[in-house]
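To start, the structure itself, in structure tokens.
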There are 2 protein chains.
Amino acid sequence: MAVGGAFEKTGRLEVRPEEHAALVDGRPLSLTVRELQLLVTLWSNPQRILTREELHTSVWGTPPRRDDRSVDVYVSRLRAKLGAALPDQKLIYTHNGIGYRFSPDG
Amino acid sequence: MAVGGAFEKTGRLEVRPEEHAALVDGRPLSLTVRELQLLVTLWSNPQRILTREELHTSVWGTPPRRDDRSVDVYVSRLRAKLGAALPDQKLIYTHNGIGYRFSPDG
DNA sequence: TGCACTTGTGAAAAACCTGTAAACAACGGT
DNA sequence: ACCGTTGTTTACAGGTTTTTCACAAGTGCA
């Protein structure tokens with residue numbers, strides 16, 4: 001496969017759940033456990049809208065309590081770190097009233 | 001099965017209630033929760049005339065109050081978004097004095 | 001055609017939801 | 001005990017959706 005050419009636009013983010021790691025261009029992001037769990041959950045379900053319930057259950061192990069905002073707070077932190085490493089890529093999309101979706105493309 | 005030919009005219013709209021999504025040609029429409037609920041209700045009952053009462057009850061959970069126009073307002077918004085994505089297809093038909101009907105074909 | 005009634009739709013107001021900083025708590029290491 | 005780090009909760013600004021309203025446009029019938 002061609003490598004030299006213009007510039008790679010994909011594959012910049014690698015997620016390795018077994019290694020508890022997420023890399024951008026080969027350099028590890030420093031994510032906390034929760035941030036990584038959240039990223040892994042989203043990344044494992046690309047293009048799919050995940051509800052807050054699903055996300056909370058996957059990351060915290062239990063469904064969220066009423067008015068729990070932790071998913072939002074962690075999405076915000078994750079976006080900040082991903083955004084710092086990949087300034088020009090939008091990866092996590094909000095679906096108002098439902099939850100979030102991870103999409104490497106649009 | 002033939003694939004190349006002229007152009008597909010059907011199957012352009014997909015509705016996936018479990019995934020909180022509606023797609024046209026594979027691309028997600030950005031519908032609000034109410035808009036999606038309304039579309040799902042109509043789409044689940046193709047060719048059938050649904051009264052405002054039925055639609056309101058299905059989407060809002062309660063029958064409409066006297067002079068409630070919310071069903072009409074949301075039908076209008078839904079038509080606008082569907083029309084933008086599928087300019088040449090009429091999907092939602094009005095039945096004066098009764099309600100609306102969803103028909104992928106005529 | 002004229003009238004009464006119904007529907008379509010833009011826009012304002014109200015309600016609701018999300019983004020994010022900051023306060024606070026818990027914990028491990030020194 | 002103090003410090004740095006992570007996790008949890010709260011508060012508030014800003015954004016989006018829902019609701020409501022008003023009027024234009026359409027429909028059907030005498």
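A note on names: the letters A, B, ... follow the listed sequences, proteins ahead of strands, and every chain is numbered from 1.
The nearest whole Å value for the distance from the CZ atom in A/R65 to the C1' atom in D/dT8 is 9 Å. The distance from atom CZ of B/R34 to atom P of D/dT20 is 11 Å, rounded to the nearest whole Å. Taking atom CG of residue B/L78 and atom C1' of nucleotide C/dT7, one finds them 16 Å apart after rounding to whole Å. For the pair A/L82 CG and C/dT20 P, the interatomic distance rounds to 13 Å; values are reported in whole Å. One interatomic measurement links the two molecules: CG of B/L38 to P of D/dT19, which rounds to 12 Å at whole-angstrom precision. For the pair B/Y74 OH and C/dG10 P, the computed distance is 14 Å after rounding to whole Å. Rounded to whole angstrom, the span from the CZ atom of A/R66 across to the C1' atom of D/dT9 amounts to 16 Å. Going from atom CD of B/Q37 over to atom P of D/dT17 covers 14 Å, rounded to whole Å.
At D/dT8, one or more side-chain N or O atoms of A/W60 fall inside 4.0 Å of OP1 or OP2 (strictly under the cut-off). For D/dT5, the OP1/OP2 oxygens have no side-chain nitrogen or oxygen of A/T32 closer than 4.0 Å. Listed pair B/Y100 / C/dG8 meets the phosphate criterion, a side-chain N or O lying under 4.0 Å from OP1 or OP2. At C/dT18, one or more side-chain N or O atoms of A/R52 fall inside 4.0 Å of OP1 or OP2 (strictly under the cut-off). Dashed line: the shortest gap from a side-chain N or O of B/S76 to OP1 or OP2 of C/dG8 is not under 4.0 Å. For A/T94, no side-chain nitrogen or oxygen approaches OP1 or OP2 of C/dC17 to under 4.0 Å.
B/S103 and B/R101 share a side-chain donor-acceptor pair at under 3.5 Å. A/Q47 and A/D105 are linked by a side-chain donor-acceptor pair at a separation below 3.5 angstrom, with hydrogens and angles left out of the test. Side-chain contact annotation: A/S76 with A/R69, donor-acceptor N/O pair under 3.5 Å absent.
Taking the side chain of B/D72 as heavy atoms from C-beta on, and the options D/dT8, C/dT7, D/dC21, the nearest nucleotide is C/dT7. Closest to the side chain of A/N96, out of D/dT27, D/dT16, C/dG19, is D/dT16. Residue A/R77 has its side chain nearest to D/dT9 when only D/dT9, D/dT19, C/dG8 are considered.
Across all strands, B/I92 comes closer than 4.0 Å to no nucleic acid atom at all (heavy-atom distances). At the heavy-atom level, A/R69 lies under 4.0 Å from base atoms of the strands shown. Residue B/V75 is out of contact with every strand shown, counting any heavy-atom pair closer than 4.0 Å.
The nearest heavy atom of DNA chain D to A/D67 and to A/K81 marks one nucleotide each, and the one closer to the 5' end goes with A/K81.
A distance of 11.0 Å separates CZ of A/R48 from CG of A/L42, quoted to the nearest 0.5 Å.
In this structure, B/R34 and B/Y74 approach most closely via the heavy-atom pair CB-CE2, 3.5 Å. Across A/I49 and B/H20, no two heavy atoms sit closer than the pair CD1-O, 3.5 Å.
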